[in-house]
Each structure stands twice: as structure tokens, then as C-alpha cells.
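Beneath this line is the structure, given in C-alpha cells, with notes to follow.
Please read these numbers as outputs of a predicted model, since none were measured by experiment.
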Amino acid sequence: MGCVGNAIWFLLGGCVMGLSWLAVGILWCVTVVGVPVGVQCFKFAELAFFPFGKEIRYGGGAGSLLLNLLWLVFGGFALAVEAAAVGALFCMTVVGIPFGMQCFKIAKLALMPFGSAVN
């Protein structure tokens with residue numbers, strides 16, 4: 001389902017989600033201090049474009065917690081709400097449930113991106 005799922009995903013909403021991550025990453029990269037956060041956004045934009053077949057490991061420490069709190073205030077909450085809303089729309093049909101689950105995976109990532117790794 002990976003290749004076919006990713007192709008359908010990209011056409012039915014993954015493109016918009018990935019572009020959202022890219023836009024937030026560009027906004028973060030405007031300042032020198034925000035460049036590490038912007039680079040992280042670019043990494044997760046790839047996941048938002050093609051999420052099937054990839055898993056996320058969560059971890060981190062005190063530094064990740066601090067960055068995650070700043071992230072929630074300055075961009076993460078909006079991305080999480082977007083992904084959760086699209087996921088709820090996908091889950092209204094039986095065929096859309098796998099796509100909705102990918103949206104929820106991205107929503108969780110949007111809440112806690114630092115200390116996370118994509119496999």
C-alpha cells in the first residue's frame with residue numbers, strides 16, 4: 001500500500017499539508033535563531049507529503065521539551081489542528097480511514113516534533 005497510498009495521499013491532501021510545513025519552515029528560517037526549527041519543519045514536510053511506510057519514534061529530554069513548548073505557541077498548534085481536522089474528514093468513510101490515521105500521525109508529530117525521528 002506504500003507507493004499507491006502515497007500517490008493517492010499526495011493528490012487528496014498531502015500536498016496541502018506538506019506545503020503548510022514548508023511555509024512554517026520558511027517563516028522560522030527568517031531569523032538566524034529559528035533556522036534549526038525551520039530545518040526540522042523541512043524534514044517533516046517530506047513526511048507530510050509521503051507518510052505511508054514511515055514510522056515516528058518519540059523521545060528527547062529537557063531541551064526537546066523546551067523547544068516543543070515554544071513550537072506549540074509559534075506554529076505547531078495550527079499544524080496539529082489542520083491535520084486533525086483533515087483526518088476527521090477522511091475518517092467519515094471506510095475507505096478514508098487509513099488516510100485519516102496518517103493525518104492523526106502527522107497531528108501528533110505537529111504537537112511534539114523535537115526529539116522525534118522518522119524511520
Side-chain angles (χ1 to χ4, degrees):
M1 169 115 182
C3 186
V4 173
N6 280 328
I8 295 170
W9 167 265
F10 187 79
L11 294 174
L12 295 179
C15 180
V16 173
M17 248 186 256
L19 290 174
S20 297
W21 278 95
L22 286 175
V24 171
I26 290 169
L27 288 174
W28 273 100
C29 286
V30 170
T31 65
V32 174
V33 176
V35 170
V37 179
V39 170
Q40 191 77 354
C41 289
F42 297 144
K43 290 178 188 175
F44 292 133
E46 180 185 353
L47 174 75
F49 281 128
F50 305 108
F52 285 94
K54 296 179 183 167
E55 299 209 8
I56 302 169
R57 287 180 296 140
Y58 294 96
S64 296
L65 176 66
L66 179 63
L67 280 173
N68 281 330
L69 290 175
L70 288 171
W71 168 254
L72 277 176
V73 174
F74 296 111
F77 188 72
L79 290 172
V81 169
E82 173 195 15
V86 172
L89 289 173
F90 273 129
C91 286
M92 288 183 176
T93 64
V94 173
V95 175
I97 291 174
F99 299 101
M101 299 308 291
Q102 297 303 315
C103 286
F104 297 141
K105 176 171 67 173
I106 293 170
K108 183 178 177 183
L109 177 67
L111 292 175
M112 303 179 295
F114 297 98
S116 303
V118 178
N119 291 336

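Taking the side chain as every heavy atom from C-beta outward, Cys103 and Trp9 approach each other to under 4.5 Å. The side-chain heavy atoms of Ile106 and Trp21, taken from C-beta on, include a pair separated by under 4.5 Å. Within the 4.5 Å cutoff, the side chain of Phe10 has heavy atoms near those of the Phe50 side chain. Side-chain contact check for Leu47 versus Ile56: some heavy-atom pair is nearer than 4.5 Å.
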Would you list the atom pairs, donor with acceptor, under 3.5 Å between side chains in residues 60-76 and any protein atom, with sequence neighbours excluded?
unit_1 : atom_1 : unit_2 : atom_2 : d
Asn68  : OD1    : Phe114 : N      : 2.9
Asn68  : ND2    : Ser64  : O      : 3.2
Asn68  : ND2    : Phe114 : O      : 3.2
Trp71  : NE1    : Ala110 : O      : 2.6

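Under a cut-off of 6.0 angstrom, the local environment of CZ in Phe77 is sparse, with at most 12 non-hydrogen atoms contributed by other residues, nucleotides or ligands.
The stretch residues 25-48 participates, sequence neighbours left out, in these salt bridge (charged side-chain N to carboxylate O under 4.0 Å, His left out) pairs: Glu46-Lys54.
Legend: residues meeting salt bridge (charged side-chain N to carboxylate O under 4.0 Å, His left out) with Lys108, ordered by chain and number and at least two apart, are absent. Take Gln40 and apply the side-chain hydrogen bond (donor to acceptor under 3.5 Å, both in side chains) test, not counting sequence neighbours, and it matches no residue. Under the rule for a side-chain hydrogen bond (donor to acceptor under 3.5 Å, both in side chains), the partners of Ser20 that lie at least two apart in sequence or sit in another chain are Glu82. With sequence neighbours left out, the ring-ring contact (aromatic ring centres under 6.0 Å, His included) criterion links Phe104 to no other residue.
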- request: Show your working on side-chain contact (heavy atoms from CB on, under 4.5 Å) between Phe49 and Leu19 and close with a plain yes or no.
  value: CA-CA 8 Å; Phe49 281 128; Leu19 290 174; 4.3 Å; yes
query: Hey, mind stepping through Trp28 and Val35 against side-chain contact (heavy atoms from CB on, under 4.5 Å) and telling me if it holds?
result: CA-CA 6 Å; Trp28 273 100; Val35 170; over 6 Å; no
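With values rounded to the nearest 0.5 angstrom, Lys105 atom NZ is found 8.0 Å from Phe52 atom CZ. Atom CG of residue Leu22 and atom CG of residue Leu27 lie 11.0 Å apart, to the nearest 0.5 angstrom.
Residues Phe90 and Val81 fall into different hydrophobic clusters, defined by Ile, Leu, Val, Met, Phe, Trp and Tyr side chains chained together at heavy-atom separations under 4.5 Å.
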